[in-house]
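Below, chains carry the letters A, B, ... as their sequence lines are ordered, and counting in each starts from 1.
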2 protein chains.
Amino acid sequence: MTTIRGVANAAGSGGNGAKRPSVNLDDVSKTIIELLQHDGRKSYASIAQEVGLSEAAVRQRVQRLLDADVMQIVAVTDPLQVGFQRQAMVGLRVSGDMTSVADALTEMEEVSYVVTTAGSFDVLAEVVCENDAHLLELLTSRIRPLPGVTATETFVYLKLNKQLYNWGTR
Amino acid sequence: MTTIRGVANAAGSGGNGAKRPSVNLDDVSKTIIELLQHDGRKSYASIAQEVGLSEAAVRQRVQRLLDADVMQIVAVTDPLQVGFQRQAMVGLRVSGDMTSVADALTEMEEVSYVVTTAGSFDVLAEVVCENDAHLLELLTSRIRPLPGVTATETFVYLKLNKQLYNWGTR
DNA sequence: TCCCGCCGCAACTGATTCCGAAGTTTCTTC
DNA sequence: GAAGAAACTTCGGAATCAGTTGCGGCGGGA
């Protein structure tokens, strides 16, 4: 059994063999996350000064948070600005097990975001495509034929108005 | 007028006074972006080695890309893992100008994502709330009363299955 | 055609940061 | 209460970062 101050692991893995630990964060880790949400390249030393720990301790905590998949430090782009002409949200209605559909969508590289929801759609998937032909092929040949999918609705993006990730922690 | 090799700015600002430059990326900048999409803390030196530039040149390009808002380097978390109990996608039907509604949503701090779309919803907004009461207040008191909003539908997230940002460039 | 200004890149240097290892303290568990 | 593990601190060498300078290519205007 593993028990950490900042990150308490619990056996919460889902269907696929990947890691999905449910976590419990203390105030220091929350502050570290919030600082990195504003600037992913902020130095460990300056973070340490703000949270009152040594530089090495901050480094270890950040590594732990990354390993536990609580956060990821990445460059986020607006797809429309980097050459992807078609982006869309696809709502799916599913009969039976939603998990297998969600897992199948997760496997597709064009799919950037998958959530299971309560509402008139059971699953929402965000897809990033190069052009209309690519989007059409993805929808008709790979998403709609998935077993259990009874209906889909596609919302093509016209403009990305806001894209933020610094919502903090609670 | 400003003309850069990697990033060509054009006066493309929208309604609000913020920066919204349309851009044109060369292959080197695209490669830099893709490397940072996988690891936002990758060192400039190692990037320089892969793209065949000096470390300082890479650093200046990255700074330019950040200034131009082509990308942002941040820590991305799963809200459900950091204490936000309720996350949802809100679909809105709007009569008249969608822009003002989208702008109003953009101003709200609980709203992390806003897109205008083609389909049965005119605008999709992702919201991050602490609990049900918070979500209810946001929907009834601030989103639904927005002028022009004729209907809304809320999809409460049950599970975040996938969240990736390394879709590359084209 | 020549000149001049601008932009991007390379090279350089001091300051800062990163990183691994070892030692200490605190907490858990039996 | 003792043993073990987890988390933190300290520390020094290596690597990286940040700012500046100079060079070369490119485009605009006289």
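Computed from coordinates, the A:Arg64 CZ to D:dC8 P distance equals 5 Å when rounded to whole Å. With rounding to whole Å, A:Gln49 atom CD is found 13 Å from C:dT16 atom C1'. The separation between B:Ile73 atom CD1 and D:dC17 atom C1' is 14 Å, rounded to whole Å. Nucleotide D:dC26 holds its C1' atom 16 Å from the CG atom of B:Asp26, rounded to whole Å. Atoms CZ (B:Arg59) and C1' (C:dT13) sit 12 Å apart, rounded to a whole Å. Remark: C1' of D:dC17 and CG of A:Asp39 are 13 Å apart, rounded to the nearest angstrom. Put simply, CD1 on A:Ile47 is 11 Å from P on C:dT17, counting in whole angstrom units.
Outside the 6.0 Å centre-distance limit, the rings of A:Tyr113 and B:Tyr113 are not counted as a close aromatic pair.
Comparing C:dC9, C:dT17, C:dC19 by their closest approach to the side chain of B:Leu53 singles out C:dC9. The side chain of B:Ser43 sits closest to D:dC17 out of D:dC17, C:dC9, D:dT10. Here the nucleotide nearest the side chain of B:Tyr44, chosen from D:dC17, C:dT17, C:dC19, is D:dC17.
Comparing A:Glu55 and A:Gln60 by the nucleotide of DNA chain D whose heavy atom lies nearest to each, the residue mapping closer to the 5' end is A:Gln60.
Using a 4.0 Å heavy-atom cutoff across all strands shown, B:Ala56 reaches at least one base atom of the nucleic acid. Within the nucleic acid shown, A:Ala57 comes within 4.0 Å of at least one base atom, counting heavy atoms only.
Heavy atoms of other residues, nucleotides or ligands lying less than 6.0 angstrom from CD of A:Gln49 number 12 at most.
Neither OP1 nor OP2 of C:dA11 sits under 4.0 Å from any side-chain N or O of B:Ser54. When the side-chain nitrogen and oxygen atoms of B:Arg61 are compared with OP1 and OP2 of C:dC9, one or more of them lie within a distance under 4.0 Å. At D:dC17, one or more side-chain N or O atoms of A:Arg41 fall inside 4.0 Å of OP1 or OP2 (strictly under the cut-off).
Taken together through direct or relayed side-chain contacts under 4.5 Å among Ile, Leu, Val, Met, Phe, Trp and Tyr, B:Leu65 and B:Val28 form part of one hydrophobic cluster.
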For this session: Just do the side-chain hydrogen bond (donor to acceptor under 3.5 Å, both in side chains) check on B:Gln72 and A:Tyr165 with the steps written out, would you?
Result: CA-CA 10 Å; B:Gln72 43 183 330; A:Tyr165 303 97; 5.7 Å; no
Exercise. Once Watson-Crick and G-U wobble pairs under 3.5 Å are found, how is DNA chain C written in dot-bracket notation, 5' to 3', with | for any base paired to another strand?
Worked result: ||||||||||||||||||||||||||||||
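With hydrogens and angles ignored, the 3.5 Å screen pairs a side-chain donor or acceptor of B:Arg93 with a backbone N or O of B:Ser120.
No side-chain donor-acceptor contact under 3.5 Å links B:Thr106 and B:Asp103.
Nearest heavy-atom pair across A:Asp132 and A:Arg86 is OD1-NE, 2.5 Å.
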